[in-house]
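Structure first, commentary second.
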Amino acid sequence: MMNRELSLSTFEHAKKIIPGGVNSPVRAFGSVDTFPIFVQKANGAYIYDVDGNKYLDYISSWGPLIFGHNDEDIKSEFIKAIENGITYGVPSYVEVEMAQMITDAYPACEMVRMVNSGTEATMSAIRVARGYTGKKKIIKFEGCYHGHSDSLLVKSGSGTLTFNTPTSLGVPDEFIKNTVVCRYNDINSIIDAIDDDIAAVIIEPVAGNMGVVAPSENFMKELRKITRQKNIILIFDEVITGFRLSYGGASQIFNIEPDMVCFGKIIGGGLPVGAYGGHKDIMGMVSPLGKVYQAGTLSGNPLAMSIGIKTLQKLKDNPKVYEDLEQKAIKLEKGFKENIKRLNLDFKINRFHSMMSLFFTQKEVNYYEDVQTSDVKLYAKYFKSMLEQNILIPPAQFEAIFFNTAMSEEDIKYTIKANYNALEMINAQ
Ligand SMILES: *Cc1c(COP(=O)(O)O)cnc(C)c1O
């Protein structure tokens, strides 16, 4: 057994003074029935814990680190930027440069506002959509995550679209009564839910927060058609997919122009950043230009802008990055599938470009109900076996694994071998 004593004692200490010992729930490793690793340092494709163990990292900070940890170009950009100060509270040129890069890459974004997290981006986009349309309700999809703002922490009651329950205490029913929850990949659920008071539909254009579930092409096309017909703002939450699936994100891959787009993760290069953008008339509602209020002390922070710009610049200059990531994902998928077959198992893998999940279910995974058939206890065993073999995958079944360019062919091969061992162990039990 791997020695993780220092992580364990640090966790015990942390639990006394931080709720659950962590600053974001999934980090507690609770759903995989163990305790977290505490990180000492990270470099390239690897992360090192305080006990000196080294792991191949498939979390990549949940997406931002598309070039892996501590990329040389990004690190030196950061060092250069910090020479000029940390934050100003008045405008700086890098904010304009960042806005230019985002608006160049996403035709739907004629204007963009920087914020500090994906949560802020979606929350603000919804406020703007409501301000612009003068309508109250929003539609979201079961299984999609858009950060932790009140009106988005909703799940639908069993089988009904009308009686919602908050997924969190502290969110009054009144706050979510204007949030309608629909079924991902099911256009009829939208048709049934639409009325004259819907301001916006918000969607992860490729779902990554229920494990990876891609939309059918027809679903996306119809969604765009209906929202346009009914003057409903279509918001793509590209916090994961933006600049990851391709430089123009899911919008480009599906060739669909939403009305607004939300960003986060990659655009900050590893620092806390989000952004939301849209057509000029919509973004013209945002203060001080218009009457929708939204502000931020550290928004457009020069350090975050500098390494965010560097990240986007590197992606723009090396379009092969996307092929490279997808090739890695294809290899891993193929290897995993062969392992599953060799062991006479029947688990499902969803992959869309470089986004990928292994689901512990025999059912094809196209809808949220399918996701729910996954055996999370098996996932926990799988996770722990991978960890023992020095591979860090997301500590929850319903997350995507994230590839980065620092991962080598050898790393992928090793992962396929470890996957075989883990599945074999599960199979034997
Ligand atoms: C991570 C995520 C968010 C929230 O971003 P934070 O920076 O964690 O607030 C929103 N939407 C999607 C699709 C995400 O994956």
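Atoms within a ligand are numbered from 1 in the order they appear, just like the ligands themselves.
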At a 4.0 angstrom heavy-atom cut-off, what protein residues surround ligand 1?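 For ligand 1, the residues that come within the 4.0 Å heavy-atom cutoff are S117, G118, T119, Y145, H146, G147, E204, N209, D237, V239, I240, K265.
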For [Y], is there any backbone N or O sitting under 3.5 Å from a side-chain donor or acceptor partner on [X]?
| X | Y | result |
| --- | --- | --- |
| S246 | G248 | yes |
| T373 | D370 | yes |
| R4 | F35 | yes |

At their closest point, which heavy atom of A42 faces which heavy atom of I47, and how far apart are they?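 Looking at all heavy atoms of both residues, the closest pair is CB-CG1, 3.7 Å.
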Could you note down all residue pairs passing side chain to side chain donor-acceptor pair (under 3.5 Å) where residues 15-26 supplies at least one of them, sequence neighbours left out?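 Pairs touching residues 15-26 that pass the test: none.
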Are Q389 and Y414 linked by a side-chain donor-acceptor pair shorter than 3.5 Å?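 On atom types as modelled, these side chains do not qualify, holding no pair under 3.5 Å.
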